[in-house]
Amino acid sequence: MELMDYESLMESLRTKRKQLGLQQRSVAQQAGIAPSTLNRMENHFHDANYRTVYNVWCVIHDAETQDSETAADLMHDSVLYANVTDTHDTVAQTMREKGFSQMPVKDENGVVVGSISERVLAENIDHETQIAELMEEEFSQIKASTPKSSVRRLLIDGQDALLVIDSGNVIGIITTADLI
């Protein structure tokens, strides 16, 4: 497989954008860049970084494939939670057995209040510490109807995991591994 040079890639994306009838302003907005930046990229006045070009490609690719896949198609519907009262050892064992690298954390009322990762567990040497003392921010929540392109961008941009909700209830979880 031969790699395209930057100018050929941008020309290909510009041509595809026009074939699909996509407005430059709309593509730029969805890719998270200014319309003037996309204009300069398409006209070879601006060499963008990989992430910017990738985001433009995702917008155009998703429009081409009509982005019919949603969060509901990607998610795992059996969400396993750690509890704030669980100990480091209990959660670490569960994560090892299940092959998880992170988990959402619920309080005693069943409300998601945080998350725990294998990195945090590895950094803590007191294995009797309760998860409430170790947990980090809760995972971002998205609707089941969220397009795959948006899910991809959230995960690539640094979200560890996403909780999928419907009518205010968690119905699934998505991690970066679900995109590959």
Side-chain angles (χ1 to χ4, degrees), residues 20 22 26-27 29-33 50-180:
L20 295 169
L22 301 174
S26 173
V27 171
Q29 182 181 18
Q30 291 176 60
I33 60 175
Y50 172 81
R51 167 118 18 223
T52 301
V53 174
Y54 178 74
N55 286 345
V56 169
W57 178 86
C58 286
V59 170
I60 293 170
H61 175 74
D62 290 345
E64 184 176 32
T65 59
Q66 298 178 340
D67 202 17
S68 59
E69 271 190 293
T70 65
D73 299 317
L74 300 169
M75 72 180 192
H76 294 276
D77 57 6
S78 57
V79 181
L80 191 60
Y81 299 90
N83 291 303
V84 291
T85 57
D86 288 343
T87 64
H88 173 290
D89 267 355
T90 304
V91 174
Q93 180 178 349
T94 300
M95 290 173 78
R96 275 193 303 273
E97 288 172 0
K98 301 293 184 180
F100 294 165
S101 58
Q102 66 262 329
M103 293 173 67
V105 179
K106 281 187 172 183
D107 67 11
E108 45 285 327
N109 297 318
V111 176
V112 178
V113 294
S115 65
I116 189 70
S117 68
E118 61 188 1
R119 177 189 46 78
V120 169
L121 293 174
E123 291 171 352
N124 184 279
I125 57 172
D126 181 1
H127 291 216
E128 294 306 312
T129 304
Q130 286 192 336
I131 294 304
E133 297 176 43
L134 302 173
M135 69 183 183
E136 299 176 298
E137 285 182 23
E138 63 185 88
F139 299 132
S140 294
Q141 297 181 359
I142 59 172
K143 293 180 179 178
S145 61
T146 302
K148 180 179 178 181
S149 59
S150 298
V151 172
R152 181 185 318 114
R153 271 188 233 106
L154 287 167
L155 290 170
I156 289 172
D157 287 343
Q159 297 288 326
D160 292 329
L162 300 168
L163 293 177
V164 182
I165 60 167
D166 185 32
S167 302
N169 298 315
V170 174
I171 61 167
I173 188 167
I174 304 172
T175 67
T176 308
D178 299 317
L179 298 178
I180 51 178

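Side chain of His88 to backbone of Leu121: a donor-acceptor contact under 3.5 angstrom is found. Within the 3.5 Å criterion, the main-chain N or O of Val111 finds no donor-acceptor partner in the side chain of Asn109. Thr175 places no side-chain N or O within 3.5 Å of a backbone atom of Ala161 that could act as its donor or acceptor partner. A side-chain donor-acceptor contact under 3.5 Å links Asp73 to the backbone of Thr70.
With rounding to the nearest 0.5 angstrom, the CG atom of Leu162 is 6.0 Å from the CD1 atom of Ile174. Rounded to the nearest 0.5 angstrom, Asp126 CG and Glu133 CD are separated by 8.0 Å. To the nearest 0.5 Å, atom OG1 of residue Thr85 and atom NZ of residue Lys106 are 13.0 Å apart. The line from OG1 of Thr87 to CD of Glu128 is 5.5 Å long, rounded to the nearest 0.5 Å. Interatomic distance, Ile165 CD1 to Ile171 CD1, rounded to the nearest 0.5 Å: 8.5 Å. Here Asp157 contributes atom CG and Asn55 contributes atom CG; the two are 6.5 Å apart, rounded to the nearest 0.5 Å.
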Side chain to side chain contact (heavy atoms under 4.5 Å, CB included) for Val112 and Tyr81? Distances and angles first, verdict last.
CA-CA 9 Å; Val112 178; Tyr81 299 90; 3.9 Å; yes
Check the pair Ile156, Arg51 against side chain to side chain contact (heavy atoms under 4.5 Å, CB included), reporting the backbone distance first and the verdict last.
CA-CA 10 Å; Ile156 289 172; Arg51 167 118 18 223; 2.5 Å; yes
Check against side chain to side chain contact (heavy atoms under 4.5 Å, CB included), Val84 and Glu108:
CA-CA 7 Å; Val84 291; Glu108 45 285 327; 3.5 Å; yes
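Proximity of Ser150 to Ile142: side-chain heavy atoms (C-beta onward) are nowhere separated by under 4.5 Å. Pro104 places a side-chain heavy atom less than 4.5 Å from the side chain of Leu163.
Taking both residues in full, the closest heavy atoms of Asn83 and Val105 are given as C-CG1, 4.0 Å, listed atom of the first, atom of the second, then distance. Taking all atoms of both residues into account, the shortest heavy-atom contact from Met75 to Gly172 is SD-CA, 3.7 Å. Between Met103 and Met95, the closest heavy-atom pair is SD-CG, 3.5 Å. Nearest heavy atoms, Val113 versus Glu138: C-CB, 4.1 Å. Closest non-hydrogen pair, Val56 versus Ile33, comes out as CG2-CD1, 3.9 Å. Closest non-hydrogen pair, Ala71 versus Val151, comes out as CB-CG2, 4.0 Å.
Annotation for Glu136: atom CD counts as buried by contact number, over 12 foreign heavy atoms lying within 6.0 Å.
Within the structure, no pair that satisfies the salt bridge (charged side-chain N to carboxylate O under 4.0 Å, His left out) test touches residues 76-104, not counting sequence neighbours.
The one candidate from Lys148, Arg152, His76 that meets the side-chain hydrogen bond (donor to acceptor under 3.5 Å, both in side chains) condition with Asp178 is His76.
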